[in-house]
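The basis for the numbers below is simple: all heavy atoms, side chains too, and nothing from hydrogens, waters or symmetry mates. In this text the structure is predicted, and so the values were computed from the model without any measurement.
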Amino acid sequence: EEVPGDIPAKRMNGKWDVCTMILGGGTVDRTTISRCPYGDTIHVPYVSLAATDGVHKVVIDTGAREVDTVKKPHAHRYPEEELPHVLKSCMGWALEEVDMVINTHLHYDHCGGNALFPNARFYVQRTEWEAAWSATPYEQLYYLREDFCKERIGYFRWRFLDGAAELAPGLAVLPAPGHTLGSQIVLLDTEEGVLCFPGDTITSRYNLERGLTPSIVVDDRAIHQSMELVRRIAQRLVFSHDDEIKTGMRSGFYRVPKS
C-alpha cells in the first residue's frame with residue numbers, strides 16, 4: 001500500500017531524497033543560539049532530517065527525549081511533532097525501518113530520540129562519545145547521559161567514527177569541532193547539489209549571514225574553522241534551529257553563497 005509522501009523503493013539516479021522534520025521547539029532569547037551582544041525573542045525548532053537513496057533509510061539527529069526542561073515553560077512538542085508521527089507522515093516509514101541514525105553531536109536536543117529506533121546503527125564521532133562521558137560542569141548542562149547510556153542503547157549498536165567517512169555513496173560526515181569537541185557535519189548528494197546538515201556548527205541563517213558562532217562553544221578557533229568548512233563545501237544548507245525550516249521541506253533549501 002502506497003503511503004502519502006513515501007519514497008520509491010529504488011532510486012535510479014543515485015541521488016539522495018531528503019525531508020525535514022520538526023521535533024518540537026521553544027520560544028527563547030536569541031542569545032540562546034547565537035553569540036551576539038543582544039537578543040530578541042525567537043522561536044527555535046528542533047530540526048531533524050530524513051533521507052534515502054532508495055536503499056538506506058537514514059535519520060539525522062533525533063530531537064529531545066522529553067520536552068525541553070531547560071526552556072520550560074516556553075518549550076513544546078505537539079502531537080504531530082512526535083517522531084513516530086512525523087516520520088510516517090513525511091517518509092511513510094515506521095521506526096523499525098530506519099537502519100541508520102547519524103548524530104551531529106550528543107547534546108540532549110540532538111540525540112534524545114535515538115532509543116526509539118530498534119534496528120538502527122548510530123553513527124557519531126568517537127571524540128564526541130568520549131567528550132559526552134567526560135563532560136565538564138559547563139558541558140554537563142547539555143549532555144544527558146540517560147540519552148546514550150547502555151541501558152537505552154547497547155554498545156554494539158554504536159558506530160564510532162575517527163574522522164571523515166563516507167557512510168554510503170553520496171552520504172558523508174566530516175569532523176567539525178567547536179560547538180562540541182566531536183561535532184560532525186553531514187553531507188548528502190542531492191538533485192540540488194551538496195546538501196549539508198551542519199548540526200549546531202551553524203544553527204541558523206541569521207548566524208551564517210552575520211558570521212556569528214553558536215552561543216555554546218568549547219573551542220573558539222575550531223568553531224570558526226568549522227564554519228568556514230561548511231561555507232567551502234556546502235551548496236545547500238538545512239539549519240538545525242532556524243524557524244524558516246518547516247516539516248515536509250524536500251527542496252528549495254538555503255543556497256550557500258559562492259566562496
Side-chain angles (χ1 to χ4, degrees), residues 21 23-26 33 44-51 56-71 75 77 81-84 86-87 95-165 167 171 173-186 197-201 203 214 216-219 222 226 240-241:
M21 302 186 294
L23 307 178
I33 63 165
V44 175
Y46 296 157
V47 180
S48 173
L49 196 66
H56 302 90
K57 295 181 177 179
V58 181
V59 171
I60 305 167
D61 283 350
T62 62
R65 178 164 45 94
E66 298 177 353
V67 173
D68 187 348
T69 56
V70 175
K71 299 185 180 69
R77 185 163 65 222
E81 296 173 332
E82 295 289 346
L83 234 173
V86 71
L87 184 65
L95 296 170
E96 293 80 6
E97 296 179 72
V98 173
D99 57 344
M100 187 183 302
V101 170
I102 303 170
N103 293 125
T104 57
H105 59 297
L106 294 176
H107 281 178
Y108 69 93
D109 55 333
H110 292 261
C111 72
N114 280 15
L116 294 173
F117 298 95
N119 299 316
R121 296 292 183 265
F122 302 94
Y123 291 79
V124 69
Q125 291 291 320
R126 188 184 307 275
T127 303
E128 180 67 5
W129 169 264
E130 293 170 351
W133 282 105
S134 59
T136 66
Y138 168 67
E139 294 170 319
Q140 287 172 9
L141 295 172
Y142 310 103
Y143 288 121
L144 298 183
R145 292 184 174 184
E146 295 88 345
D147 289 336
F148 45 83
C149 65
K150 62 186 178 183
E151 289 78 15
R152 294 182 66 81
I153 301 173
Y155 181 83
F156 289 108
R157 296 184 63 198
W158 292 97
R159 296 293 182 266
F160 300 117
L161 305 172
D162 296 305
L167 306 183
L171 173 63
V173 296
L174 296 178
H179 174 63
T180 68
L181 291 177
S183 285
Q184 60 184 358
I185 62 174
V186 184
F197 189 85
D200 284 359
T201 296
T203 55
I216 303 166
V217 172
V218 299
D219 187 322
S226 294
S240 60
H241 294 300

message = Quick check for you: to the nearest 0.5 Å, what is the distance between Tyr123 atom OH and Arg159 atom CZ?
response = 6.0 Å

request  = On the 0 to 90° scale, with breaks at 30° and 60°, tag the His241-His110 ring pair as parallel, tilted or perpendicular.
outcome  = perpendicular

key: Test item: Leu181 and Glu130 side chains (from C-beta on) under 4.5 Å apart, heavy atoms   = no

task = Give the minimum heavy-atom separation between Val101 and Thr62, together with the two atoms involved.
result = CG1-CG2, 3.8 Å

Any Val186 side-chain heavy atom under 4.5 Å of Thr104 side chain = yes

task = Check whether any side-chain heavy atom of Leu87 sits under 4.5 Å from a side-chain heavy atom of Val59, and report yes or no.
result = yes

query = Hey, is CZ on Phe156 packed in by over 12 heavy atoms from elsewhere, all under 6.0 Å?
reply = no

inquiry  = So that I can tick it off, tell me whether Arg77 and Glu82 are bridged by a salt bridge, with the cut-off set at under 4.0 angstrom between side-chain N and carboxylate O.
reply    = yes

key: Spacing of Thr127 atom OG1 and Asp162 atom CG [to the nearest 0.5 Å]   = 7.0 Å

query = At their closest point, which heavy atom of Ser240 faces which heavy atom of Asp200, and how far apart are they?
reply = OG-OD1, 2.7 Å

query = Where does the angle between the aromatic ring planes of Tyr108 and Tyr142 fall among parallel (under 30°), tilted (30 to 60°) and perpendicular (over 60°)?
reply = parallel

key: Distance-minimising heavy-atom pair for Arg152 and Ala115   = NH2-CB, 3.6 Å

message = Treating Glu128 as the side-chain partner and Leu106 as the backbone partner, does any N or O pair qualify as donor plus acceptor under 3.5 Å?
response = yes

query = Any donor and acceptor pair, going by atom type alone, linking the side chain of Ser183 with main-chain N or O of His105 inside 3.5 Å?
reply = no

ask   = What are the two closest heavy atoms between Gln184 and Leu161, and how far apart are they?
value = OE1-CD1, 3.7 Å

ask   = What's the shortest heavy-atom distance between Val218 and Glu139, and which atoms?
value = CG1-OE2, 3.4 Å

inquiry  = How long is the straight-line distance from OH of Tyr155 back to CH2 of Trp129, given to the nearest 0.5 Å?
reply    = 7.5 Å

query = Less than 4.5 Å apart, any side-chain heavy atom of Cys111 and any of Asn103?
reply = yes

ask   = For the atom pair OG1 (Thr180) and CD (Gln125), what is the distance rounded to the nearest 0.5 Å?
value = 9.5 Å

key: Spatial distance of atom CG (Leu116) from atom CD (Glu96) [nearest 0.5 Å]   = 10.0 Å

ask   = Would you say the side chain of His56 lies within less than 4.5 Å of the side chain of Leu167, judging by non-hydrogen atoms?
value = no

request  = Specify whether Tyr143 and Phe148 have parallel, tilted or perpendicular ring planes, treating 30° as the upper limit for parallel and 60° as the lower limit for perpendicular.
outcome  = perpendicular

inquiry  = Between Leu49 and Ile102, is there a side-chain heavy-atom distance shorter than 4.5 Å?
reply    = no

Min side-chain heavy-atom separation Tyr46-Asp61 under 4.5 Å = no

Pairwise side-chain contact, Arg121 with Asp99, heavy-atom cut-off 4.5 Å (strictly under) = no

ask   = Of all heavy-atom pairs between Leu23 and Ser48, which one has the smallest distance, and what is that distance?
value = CD1-CB, 3.5 Å

request  = List the steps and the verdict of side chain to side chain contact (heavy atoms under 4.5 Å, CB included) for Ile216 and His107.
outcome  = CA-CA 11 Å; Ile216 303 166; His107 281 178; 4.2 Å; yes

query = Using 30° and 60° as the class limits, which term best fits the ring planes of Trp158 and Phe160: parallel, tilted or perpendicular?
reply = parallel

